[in-house]
Structure formats: structure tokens, C-alpha cells
Amino acid sequence: MRRLPVPGHDLVGIRADNPGPFTLAGTNSWIVGRTPAWVVDPGPARSEHVEALVSEIDQRGGLGGIALTHDHVDHSEAVPVLQSRFPGTPLAAARSEVDVRLEESSVFGPLEAVSTPGHAPDHLAFITGTAALTGDAVLGEGSVFIWPGPGALASYLAALTELRARELTVICPGHGPLVRDPAAKLDEYIAHRLERERRLIAALDAGRRGVDEILEEVWSDAPAALRPAAAVTLAAHLDKLADEGRLPDGVERPPVAL
Ligand SMILES: [Zn+2]
């Protein structure tokens, strides 16, 4: 359990103790404002974590609503227990059974939704003041996997570019530390994806067609634990090249499962 204060902003992160290759040091839940406070991504349903959220919310004068950046379990599992502690609290997200369905530009309390598909098709980032709560669209360190779907990677790049155009002073990610230089981080993310694509095209130009040989060459830096995620992201990259008419024949498509 760790508190992540955000100097200059009336918001605080509470990090859950669920470390792992995808969650880094743990999931960051964010609590925004006061009387009432608003929660973005309650995180895993671990009692220590939930109690820390409840205590912070109580100090901030109650809970106005719960918003999800996306419905992956490491971000959403604590929703029911938090709602049971604050009965009647509305849940807002871009899909599934929610009280408030969000989309691009929706406003929920102090949060403005920005559609950021890529890691998940329902993914949103939230802007509050000059802070962006980015869930798994942008992490505090490392990169994210992209879930293939129609236009997933192109939409993701467009979303990063839209965030880059905002006046931001801090990124509060779903995992990892605060990002103090949002412009530099977003530039890094965009450059990272384009560099992967450049390496992928080079591998295809060199005649690579099998998943393993492509991963070996293009994701040589990915640790073994992240290979399945790299394979999923490879599928998204292949889809983008196919959409653009740039995918050669005979390329093996990785099975998409994690
Ligand atoms: Zn996550």
C-alpha cells in the first residue's frame, strides 16, 4: 500500500499491493477532489486496499461516483465492495452494465473522458484540471500491450496524439510512478510504437513470416513474462499493416489470448 500524492492537484493515488508483470508495482487507484470525492479505478478487491480507499474518501467528505478507465479486473474488481460501502454511488465506464455510459468528451463529476482505445477497446483516460488519469493507455514506466480489434493500433496512436495536444502538467497512470513531463512521455510512447512498426516492417522485408521469428527480432527486448503480451501486440500491428495494404502474404498471425 502506498500513497501517491500529486503536488498542486487535489488528487491522490492509492497503490494496491498486487505487483506483477502487467501491474508493475501494483494498480494505482486515484481519488479526485472532495465533498464529494470521485474514484477512478478502485483496483483489486483486497481488503487493505479497499480500507485505504474508504478512509481517504471519508476524509474527503464522501463519494460522488466511481469511474473506470477500462474494465480489466485489476482496475475494476473492487467496484462492488466500494459501492456496498457507499450505497447508491454511480458507476461510470464505456461498456458493460454501468449507471453512466461514458464516451469521448463525456463529463462525470470533475472528470472529462477522452477515448483512448488500444490496450482495451473501451479504454478511456480522464482529464481533471491539467492532470490526465491514463489507466493503461500510458503507464509510468514501460509500455502497454495493444489488444487487436478493428483499427485498434491506429486509434491508439490517434488517442496519444490527442492527449499530446492537451495542456497537461502531470500524468497519473494506472501503474507505475507519476509522470511529471507528460509531453515527453507521450512523445516517447508515440515514438516507441512507430519504432516497433519500423522494426516489424524491416523483419517482414527480410522475409520473416513466423510469429516466433518475428517476435525474436522485433521484440528482442521483451522479457519472457511479457512475450504473450508482445504476441498480442504483434497481432494489432499486423492488423494495422493489413488495413493499410502493407502486409505481405503468408504472415502467421499470433493467437490472441493472454
Ligand atoms: Zn492494468
Side-chain angles (χ1 to χ4, degrees), residues 1-4 6 11-32 38-46 48-50 52-53 66-82 91-96 98 102 111 113-127 131-149 152-153 155-156 159-160 163 170-179 182 185-186 188-189 192-193 222-223 225-233 236 256-258:
M1 190 74 45
R2 211 183 134 197
R3 258 178 83 87
L4 304 169
V6 187
L11 72 106
V12 66
I14 308 271
R15 178 174 295 160
D17 189 19
N18 61 334
F22 295 119
T23 55
L24 306 178
T27 299
N28 300 330
S29 299
W30 298 98
I31 304 179
V32 182
W38 302 73
V39 168
V40 173
D41 291 350
R46 294 175 180 232
E48 249 185 41
H49 182 65
V50 172
L53 295 178
I66 302 167
L68 294 179
T69 58
H70 63 305
D71 60 13
H72 289 174
V73 67
D74 59 317
H75 297 253
S76 63
E77 191 185 34
V79 166
V81 60
L82 199 57
L91 172 66
R95 71 177 178 189
S96 307
V98 294
L102 302 176
L111 309 168
V114 179
S115 185
T116 47
H119 176 75
D122 62 321
H123 201 290
L124 301 168
F126 296 105
I127 308 284
L133 283 58
T134 53
D136 287 359
V138 179
L139 302 184
E141 57 202 11
S143 65
V144 295
F145 69 82
I146 305 302
W147 193 258
L153 185 53
S155 308
Y156 181 58
L160 292 177
L163 286 177
V170 67
I171 286 176
C172 304
H175 308 279
L178 286 181
V179 175
K185 176 60 83 174
L186 289 162
E188 175 197 316
Y189 258 59
H192 173 75
R193 287 266 72 87
L226 293 178
R227 262 308 158 88
V232 163
T233 304
V256 172
L258 278 178

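Remember, predicted model here, so these are calculated numbers, not experimental data. Order of listing sets the numbers, starting from 1, for every ligand and every atom in it. For the single chain, residues carry numbers from 1 onward in sequence order.
- A ring-centre distance under 6.0 Å is found for His75 and His175.
- His119 pairs in a side chain to side chain donor-acceptor pair (under 3.5 Å) with only one of the listed residues (Asp136, Thr69, Thr233), which is Asp136.
- Taken from CZ in Arg46 to CD in Glu48, the straight-line distance is 9.0 Å, to the nearest 0.5 Å.
- Here Leu139 contributes atom CG and Phe22 contributes atom CZ; the two are 11.5 Å apart, rounded to the nearest 0.5 Å.
- In this structure, the separation between CG on Asp41 and CD1 on Ile14 is 13.5 Å, given to the nearest 0.5 Å.
- A side-chain donor-acceptor contact under 3.5 Å links Ser96 and Asp71.
- The Zn ion (ligand 1) has Asp74 OD2, His75 NE2, Asp136 OD2, His175 NE2 as its protein N, O or S neighbours under 2.8 Å.
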